[in-house]
Amino acid sequence: MNIITCIKQVPYPDTPASAYGVDNEAKKVVLPEDVPLVISPFDENAVEAGLQIKDNTGGTMTVLSLAVNSPEGVIKDLKQTIAMGADEAVLLDDPAFEGGDSWSTSYSLAMAIKKIGEFDLILCGIQAADWDAGQVGIGIAEILGLPVAMPVTKIASKEDRVQIEYLIDNGHDVAELPLPCVLAIASDETLMPRIAPLPGIIKAKKRKIPTWTAADIEADMEMIGAVGAKTAVKELNIPELGGSCEFMTSEDPEEAAGMLVEKLKNENII
Amino acid sequence: MTENNGVLICGEVDGDKPSSVSLELLGIGRILADALGEKLSIVFIDKSADNCGQTAVSYGADTVYLVTDAPTEQFEAASHASIIEKLITDKGMPGILLLGQSMTGRILAPMLAFRLKAGLVMDCLGLEIDPDTKGLLVQKPVSGGNVLATYSFKEGGIQMATVRRKVMDPAEPDEGRQGAIEIIPAGVDSSAVKISLVERVLEETEGPNIETAETVVAGGRGIGSTEEFEEYIKNGLAAVLNAGVGATRAAVDAGYITEPHQVGLTGKIVGPNLYIAVALSGAIQHMAGCSGARNIVAINRDENAQIFKFAKFGIAADYKKVVPVLMEKLKEVL
């Protein structure tokens with residue numbers, strides 16, 4: 001089976017809330033320079049899901065990413081997926097991609113997928129940990145006219161179809177989708193990303209990652225980046241996190257519990 | 001600003017009634033429609049949707065469309081999207097299209113957005129009409145909830161948003177309110193269905209429904225074991241308070257309790273009056289599911305745990321020492 005997995009680079013998602021700032025001129029979230037840039041967690045699950053299918057059925061996996069933040073950093077992420085077991089990787093990098101929303105990003109990725117050509121399965125995470133938009137997997141599917149499911153937690157390949165599990169509001173569905181299709185992957189204990197083996201790391205180091213521009217993927221310039229976006233960030237704010245926790249300060253648990261119950265009663269919370 | 005007109009909601013049916021998020025959406029949709037001087041419509045696609053019409057009208061709808069002959073009995077995104085696409089083609093393009101941020105909305109909304117060439121913002125906490133442009137402005141958490149972003153839409157298309165549960169209480173129903181109720185044929189056959197369902201596995205939550213409970217007690221991996229989760233949380237504090245039982249992703253992955261109890265980005269969104277967070281750190285992915293709680297109480301050994309940033313009251317101590325005495329104190333006053 002030939003798989004294409006889309007990943008995005010994001011600032012380390014467990015960065016403490018206090019580190020976040022905003023730049024309302026550039027409409028960007030600002031973080032200290034020492035916050036590492038990593039593969040978005042659900043995308044790592046998608047990479048792992050793809051590698052597991054490849055382990056079981058053979059085939060290839062190509063990893064695709066659209067450059068954000070630093071292209072060099074994204075190349076490092078793509079090399080990491082090669083070290084983990086991916087066969088090929090492609091970076092989309094062009095100033096024209098900047099300022100995109102889910103629409104422009106889905107379109108650019110879909111055009112790159114068309115250029116790659118042969119595939120049975122497209123995987124991506126359900127949402128990236130920076131803008132949490134949650135649309136790109138479905139966007140790619142709709143643009144390419146493919147069936148799609150989300151949030152998928154388990155995949156088994158069955159000749160011309162996949163059997164999958166995806167979450168519903170009060171449980172999960174077991175279902176089948178014909179190939180080719182798109183699956184947007186959520187986290188699951190079976191999809192924890194593997195550690196890249198040493199030979200993989202050495203192999204990945206030597207690889208040159210091809211970079212494609214908007215022209216390379218024959219993108220309509222009206223459809224990409226800020227021009228192709230249908231939504232725009234107007235303002236960013238740091239939310240107030242309550243921020244004023246009142247601690248029951250007694251060292252004695254019984255006294256602290258008593259104080260808490262009294263507070264809850266006084267404020268009619270219980 | 002466009003020839004598109006009115007606010008349309010994609011409703012969901014729970015049993016044979018509009019789901020709670022649909023009633024919340026009607027309240028929000030009514031405010032937006034009134035600000036524009038336009039009509040509010042809602043569509044329900046479900047074989048049991050027959051009874052949803054008058055309820056939806058009493059909660060604010062001007063027109064209710066009922067589709068009871070969809071090609072699948074259960075929700076199936078591709079065919080439902082086709083039904084709504086067809087409805088919109090027949091009845092006219094809305095200016096605003098709203099869905100709930102449920103598992104259904106999460107897939108249906110982007111699918112519709114890409115088919116209708118609409119801009120879409122998911123998981124919104126606030127929606128308003130810009131008084132100058134008459135365009136929709138929406139607010140959503142980004143960076144896992146560490147930043148709130150306000151979005152506007154490009155002029156000329158449908159403006160779409162999904163709305164997180166519990167961001168607004170439904171309006172008071174007005175039983176005497178008048179509206180139109182239309183039964184619409186799906187007009188879509190099984191060729192529009194893309195996913196074949198093999199099996200639906202419903203996992204009922206134990207105890208009160210965490211999405212509607214007034215109080216939720218949640219535990220994290222810090223609880224330590226399944227036995228302790230049962231003793232201190234499920235059969236302990238939650239039982240005393242008659243509360244729903246919640247858990248973090250890590251606690252579910254560790255097997256302390258089943259999936260439907262998970263609160264967070266990939267789990268349930270809850271908005272109780274009181275949320276008691278026990279031995280959980282307050283990771284932003286978890287808080288995405290409970291930041292709508294009106295009062296958060298945190299019990300955690302680590303006084304620097306992030307959960308205290310969200311909490312109104314906190315006890316920085318070992319939960320095993322606090323929970324039993326807290327249960328006793330609560331029994332005295334409840």
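Just so it is clear, the model here is predicted, and its values are computed rather than measured. Order of the sequence lines sets the chain letters (A, B, ...), proteins ahead of strands, with each chain counted from 1. Heavy atoms only: backbone and side chains are in, while hydrogens, waters and symmetry mates are out.
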Student: Side chain from CB out, backbone as N, CA, C, O: work out which of these in B:A118 comes under 4.5 Å of a heavy atom of chain A, or both, or neither.
Tutor: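 For B:A118, the contact with chain A is made by the backbone alone.
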Student: Determine yes or no for a side-chain-to-main-chain donor-acceptor pair under 3.5 angstrom, with B:N273 supplying the side chain and A:I269 the backbone.
Tutor: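 Yes; judged by distance alone, with no hydrogens or angles, the pair exists.
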Student: Identify the two heavy atoms, one from A:G134 and one from B:P110, that lie closest to each other, and give their separation to 0.1 Å.
Tutor: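 That would be O-CG, 3.9 Å.
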Student: Taking all atoms of both residues into account, what is the closest heavy-atom pair of A:P239 and B:G145, and its distance?
Tutor: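 So the minimum-distance heavy-atom pair works out to CG-O, 3.5 Å.
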Student: Quick one: pull up NZ in B:K312 and CD in A:E246 and give me the separation to the nearest 0.5 Å.
Tutor: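 Answer for the NZ-CD pair, B:K312 versus A:E246, is 8.5 Å.
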Student: For atom CD of B:Q74, is the number of surrounding heavy atoms from other residues, nucleotides or ligands below 6.0 Å larger than 12?
Tutor: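 Check passes, neighbour count above 12.
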Student: Please state whether the side chain, the backbone, both or neither of B:I296 comes within less than 4.5 Å of a heavy atom of chain A.
Tutor: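 Neither part.
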Student: Restricting to non-hydrogen atoms, name the atom on B:I107 and the atom on A:V148 that form the minimum distance, rounded to 0.1 Å.
Tutor: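 B:I107 and A:V148 have their closest heavy atoms at CD1-O, 4.0 Å.
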Student: Which of the residues A:A129, A:A128, A:S187 is involved in the greatest number of heavy-atom pairs with chain B at under 4.5 angstrom?
Tutor: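 Heavy-atom pair counts peak at A:S187.
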Student: Nearest 0.5 Å, what's the OH-CZ distance between A:Y166 and B:R106?
Tutor: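 Taking OH in A:Y166 and CZ in B:R106, the distance rounds to 14.5 Å.
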Student: The test is side-chain contact (heavy atoms from CB on, under 4.5 Å); show your working for A:S106 and B:F114 and say whether it passes.
Tutor: CA-CA 10 Å; A:S106 302; B:F114 280 87; 3.4 Å; yes
Student: I'd like to know whether A:F247 forms a ring pair (Phe, Tyr, Trp, His ring centres under 6.0 Å) with B:F308, so could you lay out the CA-CA distance, the side-chain angles of the two residues, the decisive distance to 0.1 Å, and finally the verdict.
Tutor: CA-CA 9 Å; A:F247 282 96; B:F308 290 120; 4.7 Å; yes
Student: Looking at chain A, which one of B:K321, B:K140, B:R294 has the largest number of heavy-atom pairs inside 4.5 Å, strictly under?
Tutor: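 Highest number of pairs under 4.5 Å: B:K140.
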Student: Could you have a look at A:L31, A:L167, A:I270, A:D252 and say which one has the most heavy-atom pairs with chain B under 4.5 angstrom?
Tutor: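 Ranked by contacts with chain B, first place is A:L167.
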Student: Quick check for you: to the nearest 0.5 Å, what is the distance between B:L326 atom CG and A:M259 atom CE?
Tutor: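 If we round to the nearest 0.5 Å, B:L326:CG and A:M259:CE are 13.0 Å apart.
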Student: By a 4.5 Å heavy-atom criterion (distance strictly below it), what part of A:V22 contacts chain B: side chain, backbone, both, or neither?
Tutor: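 Only the side chain of A:V22 comes within 4.5 Å of chain B.
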Student: Using heavy-atom distances under 4.5 Å, tell me whether B:A149 contacts chain A through its side chain, its backbone, both, or neither.
Tutor: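 Its backbone and side chain both get close to chain A.
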Student: Walk me through whether A:L260 and B:I315 qualify under side-chain contact (heavy atoms from CB on, under 4.5 Å).
Tutor: CA-CA 8 Å; A:L260 175 62; B:I315 299 180; 3.9 Å; yes
Student: Just by modelled atom types, is the B:F153 backbone N or O under 3.5 Å from a matching donor or acceptor in the A:K234 side chain?
Tutor: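 Not at all, since once roles are kept as given, no pair shorter than 3.5 Å links the two residues.
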Student: In terms of heavy-atom proximity below 4.5 Å to chain A, should B:Q101 be classed as side chain, backbone, both, or neither?
Tutor: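 Neither part.
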Student: Pick one of side chain, backbone, both or neither for B:R249, based on which atoms fall under 4.5 Å of a heavy atom in chain A.
Tutor: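 Just its side chain gets close to chain A.
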Student: Enter the distance from A:D169:CG to B:E211:CD here, rounded to the nearest 0.5 Å.
Tutor: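 Going from the CG atom of A:D169 to the CD atom of B:E211 covers 6.0 Å.
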Student: Measure from the side-chain N and O atoms of A:K230 to the backbone N and O of B:G157, and report whether any donor-acceptor pair falls under 3.5 Å.
Tutor: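 Absent.
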Student: Can you tell which part of B:A316 gets under 4.5 Å to a heavy atom of chain A, answering side chain, backbone, both or neither?
Tutor: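 Both backbone and side chain of B:A316 come within 4.5 Å of chain A.
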Student: Can you give me the closest heavy-atom contact between A:R161 and B:S196, atom names plus distance?
Tutor: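 Taking A:R161 first and B:S196 second, the nearest heavy atoms are NH2-OG, 3.5 Å.
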Student: Go through A:A256, A:P147, A:G139 and name the one with the most non-hydrogen pairs under 4.5 angstrom from chain B.
Tutor: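 That would be A:G139.
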Student: Heavy atoms only, distances under 4.5 angstrom: which of B:T104, B:L202, B:V322 has the most pairs with chain A? Name it, please.
Tutor: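 Highest number of pairs under 4.5 Å: B:L202.
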Student: Answer yes or no: is there a donor N or O on one side and an acceptor on the other, between the side chain of A:D132 and the main chain of B:G144, under 3.5 Å?
Tutor: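 Yes, because the side chain of A:D132 sits within donor-acceptor range (under 3.5 Å) of the backbone of B:G144.
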Student: Roughly how far apart are B:K329 NZ and A:L264 CG, rounded to 0.5 Å?
Tutor: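 Nearest 0.5 Å value for the NZ-CG distance: 13.5 Å.
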Student: Where the side chain of B:K154 meets the backbone of A:A229, is there a donor-acceptor pair that is under 3.5 Å apart?
Tutor: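 Yes, B:K154 side chain to A:A229 backbone: donor-acceptor pair under 3.5 Å.
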Student: Please identify, among A:Q163, A:E165, A:E267, the residue contributing the most non-hydrogen atom pairs under 4.5 Å to chain B.
Tutor: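 Option with the top pair count is A:E267.
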Student: Heavy-atom distance under 4.5 Å to chain B: side chain of A:A232, backbone, both or neither?
Tutor: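 The answer is both parts of A:A232.
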Student: Could you tell me if A:H172 and B:E203 have a donor-acceptor pair between their side chains, going purely by distance under 3.5 Å?
Tutor: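 The answer is yes; a qualifying pair exists.
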Student: Which region of A:I143, side chain (C-beta onward) or backbone (N, CA, C, O), has a non-hydrogen atom less than 4.5 Å from a non-hydrogen atom of chain B, or is it both or neither?
Tutor: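 Interface part for A:I143: side chain.
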Student: Could you check which of B:G119, B:S152, B:A81 has the highest count of heavy-atom pairs closer than 4.5 Å to chain A?
Tutor: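 Ranked by heavy-atom pairs under 4.5 Å with chain A, first place is B:S152.
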Student: Side chain from CB out, backbone as N, CA, C, O: work out which of these in B:V252 comes under 4.5 Å of a heavy atom of chain A, or both, or neither.
Tutor: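 For B:V252, no heavy atom lies under 4.5 Å from chain A.
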Student: Under 4.5 Å, counting heavy-atom pairs only, tell me which of B:S102, B:P324, B:P260 racks up the most with chain A.
Tutor: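 Of B:S102, B:P324, B:P260, B:S102 has the most heavy-atom pairs under 4.5 Å with chain A.
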Student: Side chain, backbone, both or neither: which part of A:E262 has a heavy atom under 4.5 Å from chain B?
Tutor: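 When you check distances to chain B, no heavy atom of A:E262 falls under 4.5 Å.
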Student: Can you tell which of A:I238, A:T153, A:I168, A:I126 has the highest number of heavy-atom pairs within less than 4.5 Å of chain B?
Tutor: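 The residue among A:I238, A:T153, A:I168, A:I126 with the greatest pair count is A:I168.
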Student: What part of A:A141 gets closer than 4.5 Å to chain B, counting heavy atoms only: side chain, backbone, both or neither?
Tutor: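 Contact with chain B involves no heavy atom of A:A141 at all.
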Student: Looking at A:A17 and B:Q306, what are the two nearest heavy atoms and their distance?
Tutor: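 Taking every non-hydrogen atom into account, N-OE1, 3.7 Å.
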Student: Between chain B and each of A:E176, A:M150, A:M248, count heavy-atom pairs under 4.5 Å; write down the option with the most.
Tutor: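 Looking at each option in turn, the highest pair count goes to A:E176.
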Student: Which pair of non-hydrogen atoms, one from B:L197 and one from A:V174, has the smallest distance, and what is that distance?
Tutor: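 Closest approach of B:L197 to A:V174: CD1-O, 3.6 Å.
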Student: Given heavy-atom pairs under 4.5 angstrom as the criterion, report whether the side chain, backbone, both or neither of B:E259 touches chain A.
Tutor: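 The answer is the side chain of B:E259.
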Student: Quick one: what part of B:N209 sits under 4.5 Å from any heavy atom of chain A, side chain, backbone, both or neither?
Tutor: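 No part of B:N209 comes within 4.5 Å of chain A.
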Student: Go through the atoms of A:D130 and report whether side chain, backbone, both or neither lie under 4.5 Å from a heavy atom of chain B.
Tutor: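 The backbone, not the side chain.
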Student: What's the separation between atom CD1 in B:I195 and atom CD1 in A:I164, rounded to the nearest 0.5 Å?
Tutor: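 Going from CD1 on B:I195 over to CD1 on A:I164, the span is 5.5 Å.
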Student: Any chance NZ of A:K263 has more than 12 other-residue heavy atoms, nucleotides or ligands included, within less than 6.0 Å?
Tutor: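 At most 12 heavy atoms, drawn from other residues, nucleotides or ligands, come within 6.0 Å of this atom.
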Student: Would you say A:C245 and B:K309 make side-chain contact, with heavy atoms under 4.5 Å?
Tutor: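 The answer is no; the side chains never approach within 4.5 Å.
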